[in-house]
Protein chains: 2
Amino acid sequence: MSADEQHHDPVAPAVAPAWAGPRRKERQPVLSRARIVAAALRLLDAEGMEALSMRKLGAEVGAAGTSLYRHVTGKDEVIELVLDEVCGELVVPAADAPGDWREAVSRSGHNLRAMTLRHPWVASVLGQVGPAHLGPNLMRMSERMLALFQTAGFPASEAAPAMRAVVSYVVGATSGEAAHLSRIARGGLSERNPRALRDEHFDYGLQRILDGLQTRLA
Amino acid sequence: MSADEQHHDPVAPAVAPAWAGPRRKERQPVLSRARIVAAALRLLDAEGMEALSMRKLGAEVGAAGTSLYRHVTGKDEVIELVLDEVCGELVVPAADAPGDWREAVSRSGHNLRAMTLRHPWVASVLGQVGPAHLGPNLMRMSERMLALFQTAGFPASEAAPAMRAVVSYVVGATSGEAAHLSRIARGGLSERNPRALRDEHFDYGLQRILDGLQTRLA
DNA sequence: CGGTCGGTGCGAACGCCGTACGCATCGTGC
DNA sequence: GCACGATGCGTACGGCGTTCGCACCGACCG
């Protein structure tokens with residue numbers, strides 16, 4: 001056999017392996033940024049934040065851990081990329097869409113919460129990193145939401161603080177929930193609060209914030 | 001030399017070291033839970049969450065890293081303990097104190113924020129762990145704050161969600177600030193927002209939530 | 001007073017981590 | 001046909017959390 005598919009293995013047996021036929025399995029896809037963040041997302045959703053290591057991530061894409069560094073500067077960048085990836089799932093209504101601002105902001109808040117509960121590791125990332133350099137997806141959502149407040153009639157100096165208030169509440173409320181879910185998933189305790197009750201509590205706080213913001217529009 | 005102060009060193013020289021006199025330096029204070037959490041708090045405040053390692057913590061108390069395990073089950077417990085320690089700094093007014101509920105809750109929120117900004121690593125802990133098993137200090141503060149809402153006249157089913165709304169906002173808003181501060185401290189960028197502006201934005205959101213809650217008391 | 005015995009500090013070691021580096025390989029443009 | 005950049009990877013380094021067994025010490029019991 002030509003020694004071109006088992007390149008320099010120090011303990012390789014001398015016999016020719018039968019699978020020597022197709023030069024490399026299917027090297028078509030190999031490595032790429034997109035493939036890496038997809039694998040990282042799979043790993044994080046399946047096993048949580050502290051299960052993400054460069055070696056495991058390499059195995060997930062079918063490569064050695066150190067190969068990733070050809071495409072990514074390090075673990076931090078992987079986390080930034082995958083965070084922005086899930087931010088692509090966010091939905092916030094356009095500012096010029098029909099319907100009142102309150103409904104639109106409420107939906108956006110629920111959507112942000114739903115995304116974070118789908119990917120509970122997001123809470124850990126936000127705690128550690130904060131949006132260090134917020135990616136394009138997160139930036140886009142941020143701007144869309146700000147537009148919601150601006151067209152609702154909030155004065156220029158208040159639109160941003162108002163948006164921050166809503167987002168802060170959602171992030172804070174959801175962090176607690178996500179940590180709770182992670183603990184459950186990691187085999188800790190059993191589900192205590194039925195889902196409906198958590199939903200109700202979350203919406204209660206969100207509506208109170210919207211009540212408070214609405215008084216500023218009079 | 002009596003081999004009782006350099007117990008079993010495989011490459012020890014045969015000559016008697018001169019410093020054999022005072023058997024151990026001053027072994028008076030040695031190790032204890034309190035000493036360990038105090039050292040951990042010092043380390044965390046000085047260098048942040050990811051600088052906390054059992055070895056460094058051991059060095060901080062003047063011991064080997066592995067010695068800590070005689071007093072503490074592991075790193076997680078250290079974090080739980082030190083988190084509850086700083087929660088002892090929290091101040092929330094008594095429910096039967098004079099003054100309106102709104103002022104009391106507002107003060108409590110500002111106090112919680114101030115504590116977290118004094119110890120920015122708290123945000124990381126809340127993100128990762130959530131109050132896993134909330135310690136006695138945190139529990140005490142939680143109950144005091146709940147009492148504030150109950151005596152304010154919130155119906156029994158609303159007092160807890162109302163409290164959670166306020167706490168969630170404060171935690172969410174402060175996490176972002178703390179991450180920002182940590183990045184600044186770690187030498188990243190320069191202070192961009194003056195402190196006063198951040199204070200103002202935080203208070204804006206807090207007051208809007210209180211506005212919203214107040215409407216429920218009519 | 002001698003002996004034993006639980007509590008305590010610690011060195012060594014295991015397995016994992018993030019990452020730097022140099023080598024082998026491969027596809028591609030001259 | 002060949003040189004060269006891009007790419008995958010084995011190796012290695014330093015650090016991490018944690019376990020384990022040994023040395024030591026004070027206290028208690030005879």
Side-chain angles (χ1 to χ4, degrees), chain A residues 1-12 20 22-36 39-40 43-44 47-82 128-129, chain B residues 1-12 20 22-36 39-40 43-44 47-82 128-129:
Chain A
M1 92 307 303
S2 60
D4 59 354
E5 75 283 9
Q6 58 175 21
H7 41 86
H8 80 90
D9 185 354
V11 291
R23 308 190 36 80
R24 293 240 185 278
K25 7 222 168 169
E26 68 289 356
R27 294 278 247 94
Q28 201 64 325
V30 280
L31 249 41
S32 75
R33 263 167 171 253
R35 208 162 292 271
I36 289 174
L43 248 176
L44 286 170
E47 310 193 45
M49 191 64 179
E50 75 286 358
L52 178 68
S53 78
M54 296 301 272
R55 286 163 168 78
K56 281 195 208 171
L57 182 52
E60 182 78 16
V61 296
T66 62
S67 306
L68 305 174
Y69 288 86
R70 296 286 185 190
H71 304 265
V72 152
T73 67
K75 189 182 186 179
D76 290 354
E77 194 183 63
V78 172
I79 292 176
E80 270 182 36
L81 291 174
V82 69
Q128 286 171 343
V129 140
Chain B
M1 88 310 280
S2 61
D4 60 353
E5 75 283 11
Q6 57 173 24
H7 41 85
H8 82 90
D9 187 351
V11 292
R23 307 193 39 78
R24 293 243 185 279
K25 11 223 166 170
E26 70 286 354
R27 295 277 244 92
Q28 201 65 328
V30 279
L31 249 38
S32 73
R33 261 169 174 252
R35 208 163 291 271
I36 289 174
L43 249 176
L44 286 170
E47 309 192 47
M49 191 63 178
E50 75 287 358
L52 178 68
S53 78
M54 294 302 271
R55 295 182 207 319
K56 280 195 208 169
L57 182 51
E60 183 78 18
V61 297
T66 63
S67 307
L68 306 174
Y69 288 87
R70 297 286 185 191
H71 304 265
V72 153
T73 67
K75 190 182 185 180
D76 289 354
E77 194 182 63
V78 173
I79 292 176
E80 272 182 35
L81 290 173
V82 70
Q128 286 171 342
V129 139

Q: Measure the distance from CZ on A:Arg35 to C1' on D:dG8 and round it to the nearest whole Å.
A: 15 Å
Q: Write down the distance between CZ (B:Arg33) and C1' (C:dT8), rounded to a whole number of angstrom.
A: 15 Å
Q: Could you pull out the closest heavy-atom pair between A:Val61 and A:Ala39, with the gap in Å?
A: CG1-CB, 3.3 Å
Q) Could one point to a donor on the side chain of A:Arg70 or the base of C:dG22 with an acceptor on the other under 3.5 Å away? A) yes
(Q) If you assign A:Asp76 and B:Ser67 each to the DNA chain C nucleotide with the nearest heavy atom, which residue ends up on the more 5' nucleotide? (A) B:Ser67
Q: Calculate the interatomic distance between A:Leu68 atom CG and D:dT7 atom P; express it in whole Å.
A: 13 Å
**Q.** Nearest-0.5 Å distance that lies between atom OG1 in A:Thr73 and atom CG in A:Leu68
**A.** 11.5 Å
Q. Is there a donor N/O on one and an acceptor N/O on the other, under 3.5 Å, for the side chain of A:Thr66 and the base of D:dG10?
A. yes
Q. How many Å lie between CG on B:Leu43 and P on D:dC16, as a whole number?
A. 11 Å
Q) Are OP1 or OP2 of D:dA6 and a side-chain N or O of A:His71 less than 4.0 angstrom apart? A) no
**Q.** Test side chain to side chain contact (heavy atoms under 4.5 Å, CB included) applied to A:Lys75 and A:Leu57, step by step
**A.** CA-CA 10 Å; A:Lys75 189 182 186 179; A:Leu57 182 52; over 6 Å; no
Q: Round to the nearest Å and state the distance from B:Tyr69 atom OH to D:dG17 atom P.
A: 6 Å
Q) Does the pair B:Ile79 and B:Leu52 meet the rule for a side chain to side chain contact (heavy atoms under 4.5 Å, CB included), with working shown? A) CA-CA 10 Å; B:Ile79 292 176; B:Leu52 178 68; 4.2 Å; yes
Q.
For B:Ala64, give me all partners under side-chain contact (heavy atoms from CB on, under 4.5 Å), at least two apart in sequence or on another chain.
A. B:Thr66, B:Ser67
(Q) Enumerate the salt bridge (charged side-chain N to carboxylate O under 4.0 Å, His left out) contacts for residues 50-73 of chain A, please, sequence neighbours excluded, ordered by first and then second residue. (A) A:Arg42-A:Glu60, A:Glu50-A:Arg186
Q) Looking across every strand, which nucleic acid part, if any, lies under 4.0 Å from B:Gly74 by heavy atom: base, sugar-phosphate, or nothing? A) sugar-phosphate
Q: Using heavy atoms and a sub-4.0 Å distance, could you list which residues of residues 47-57 of chain A are near DNA chain D? By number, please.
A: A:Arg55
